[in-house]
Amino acid sequence: MGESADRQSGVLPGTLDMLVLKALARKAMHGYDVAEFILSRSGDLLRVEEGALYPALHRLELRGLLESEWGVSSNNRRAKFYSLTAAGRKRLALESTQWASLSMAIARVMEA
Amino acid sequence: MFTNLRLRWRSLWKRRQLDRDLKDEIAFHLAMRQGSTRQFGNPTLIRENLREMWTFHILESLWHDLRYGVRMLWKSPAFTLVAILSLAIGIGANTAIFSLVDAILLKSLPVREPASLRLVLWAGEPRVPLNNSSGYTRKNEAGQLVHSSFSYSMYRMFAEQASQFSDLAGFARSQVTVVAGESHYANAFFVTGNMFNTLGVPPLAGREIAPSDDRADAEPVAVISYAYWERHFGLDRSAINRQITVNGRGLRIVGITPQSFRGLENGSGFDLCLPLSLVSGFGPKFYAIEKPTAWWVQIVGRLRAGVDDRQAKASLDLLMERASAPFASVPKKGEPWRAVLESGAAGVQLMREQASRPLLILAGAVALVLLIACANIANLLLARASARRREIAVRLTIGASRWRLIGQLLTESILLAGIGAGLGLLFAGPMARGILAMAAGNRPISIQVGLNDRTLLFTLIAGLFTALLFGLAPAIRATRVDLSPSLKDGSAGSLGRGPQFGLSRFLVIGQVALSTVLLAGAGLFVRTLANLSTIDPGFNAHQVLIFAADGSRSGYEGGKLAGLYERIRARVAAIPGVQAVTLSSVPLIADSEDNDDVTVPGYVPPAGKPASANTMLTSSRFHRILGIPMLLGRELEDGDGPNSRKVAIVNETFARTYMAGSSPIGRIFYFGGPQATRKPEDAFEVVGVCKDAKYDSLKHVVPPTAYLSFLQKPDWMREATFEIRTELPGSALANEIRKEVAGIDRNVPVADMRTQEEQIRQSLGLERLFAGLMGAFGLCASVLAAIGLYGLLAYTVTRRTPEIGIRLALGAERRSVQWLVLRDVLWMVAIGMAIGIPVALALTSLIRKTLFGVTPDDPISFAGAAVLMALAAIAAAWIPARRAARVDPIKALRYE
């Protein structure tokens, strides 16, 4: 299962999974809301393509980091809601710290 | 990772739900996004990508390919049928031969850790009088002459002192007469008390022979084999503890061995297993426990872990040296005794030498058949591929990958091979057993031939290999399509004379070549059988019924034994319908012979080649009853009894070889070499000369033979074969004969009743097998080649219809058009034969030893093969050629 889907998105390679996990950290959402969440929180900068988003969601589900449930959306349609599993939370925590130190390090280099 | 597999596995079974979910999810997203100008991309592609994540992609496409393959095969039933049948024959025959190879040459004994078992043998110049030996002597792989048997005292010494072995067990075998209900012969397997422990074979029921049974004062007990239990006790458990009479003495059955265990000798099995200590009462007289000159114990041992063969051999050599001490007085000559260790994993391989050559020949033949079948199917596939050109071109244009298509075409091939292999398996078992039964003739062969994991694996590999062989090239060819012309839906004209056409011709030529090889081989074997069948045995085998009886194992010996046989002869002769009865010490044409050195006064044998003769002890009028013509003198008469002068009838060869120059009548000879002591009463006087008659085999040149009266040499007599001249069939007399013999002594069984003609036919079992099988294979091959030719020609004619139309329109004669097609065929056949005949010549020289009366380059066989092949080819070409000649030029040209 290729990570190559990341390349299609507007996000930094390797970070899509982390963003998706972060989006789902607060509550369960369906795919559209995940994309909207990332878009709005990034100040309309990170536009996640569907062609990358859904493979990422399914990949994380297959890895046991997410679980899914079919429910009814706010407009009364059948929709698939994703939520974090325990493993998913752990992973998010790990990736957050790694990202924090990495971005700080990069920032220092770039400011020098 | 585990969740991943579990989830994917689950989705494999819920395909529909998965499809629906994926669709819904995407649809929901699209609905949410309505009005937005954002691009979604290709929803179907996304869905496909997601689907792939959830499923075992390869498995899925395999499943698709399989379903597609079944549909395609179903759509062309004629092709499928021909392909599957020829594969079933090809793979089935290969599996059958392999299962024989497996059973005879490869299979290990069904014992614990067979790899650490060793057979202990010895090599060197025998310095003991080994006429007291039993077992076997043969050349091993190193070209060394090895002997199988030791004296009992040597066995004891080895067992006690050879510390490299955790166990050494001894064994010997002989035939015994059993009375349990009816009397019959049985194979006895004598073993030391530790045998079953050494091998690690647990009893099926009751117990095994234990060390406590192997003592002189122990109760006589026996363990029976599963086969014997089935045959004589109908698998009844009450057989255990039953008392039976063996060679006239009582014995108790204490256990039954498992079905898989058939003793240590591959091919011969056993009925009763007795402790070795019982050999003195139940075995042949020369199996003597205490005599150091009686060499009859064979030894099998289990090496201790970590001991290698060299160490074990070194210590046995030392013991051999010590064992030779008692024979120090015998003059030494030649090599000293040396121990020889051979692997015991497969037991004693008595059949290996006899069987490996025929098996090799058959394996070669069936491999050729399979190869021809492959070529045939490859050709049919090529023809189909051109019919499917458009389909394939379309699929390639809309983006299917070439590998995917090759995979799909190969799946079809594997499917075909799989079905063919499955069908082949059905008849492989019966075929293997049939071959074995035919080759064995009337010798019972105890071998379990059947499907096991090894033969199944072989079939699987053969099937896959076959599929690749016939499927790969056509698949690669089929997918190498020049897209544009193929899509423009070809009239026949668009299929140019491509390279594919060359491959077809090449395959057909190959088929013709291989078929020629098989047909030539078949011709040689058929001629061999014909030569053997028309050979004059030198006696009249017609209307002769024979049976065997052995009183020597029921307590008779010497004069009493002769008396018993004479009484049986007289009683059988009195049965209504019996014209005459005689008896002999050896059955005729049964591959057994008695041979002795002779000394003929006046004849000086060349150095190193002592005079010897086959001997046959017979009752009076043997020659007249069997129709062996007398040339000089008289035959054996009633008066030639124990107390009268010893007389002999010799055959022509004997007279010519040893008594040339003067009339043999009245001359004398002695048995034994020149050093043998002889007394006047040992002299045999020649009273008659008969024509040469075949003795042990139709194939052998008749050796010098002497016929003696069994009454005058009763100590040489053991089993007797009775020859009955009668017009009645054996079935009509069998009961009567049994009754009469039982009336004399019910402990003497009647065995091996058959007609002399049956005996001769059975002696030709291998030749009949070869002629039959090779003939069948040759015919199969030429039919397959004819089908291949037909397919290719039919296709060519279709392709060339416009060209033929033009020729006809321009005034060509129909005859010359026909010739056009035939010429093509004859070319291919000629090239095929030009390749096939030299190959056949090279191969048939390998089977020289198996032939009789024909040379491996026999012109009749080769010409026959060529003619048959040419006829098959012309028959195959006939219909296409006629169709070509009937092409209507108007119609043909209208297509253009």
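Worth saying up front: this structure is predicted, and the values here are computed from it rather than measured. Residue numbers begin at 1 in each chain, while the letters A, B, ... track the order of the sequences. Because only heavy atoms are used, hydrogens play no part in the values below, and waters and symmetry mates are left out as well, while side chains stay in.
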For residues B:Phe28 and A:Arg78, report the shortest heavy-atom separation together with the two atoms involved.
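So the minimum-distance heavy-atom pair works out to CD1-O, 3.7 Å.
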
Please report the shortest heavy-atom distance between B:Asp24 and A:Trp70, naming the atom on each side.
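Smallest interatomic distance, heavy atoms only, reads CB-CH2, 3.7 Å.
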
Surrounding OH of B:Tyr68 (heavy atoms of other residues, nucleotides or ligands, distance under 6.0 Å), is the total greater than 12?
yes

B:Leu22 side chain near A:Tyr54 side chain, heavy-atom distance below 4.5 Å
no

B:His29 and side-chain contact (heavy atoms from CB on, under 4.5 Å): which partner among A:Glu50, A:His30, A:Lys80?
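So the option named by the test is A:Glu50.
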
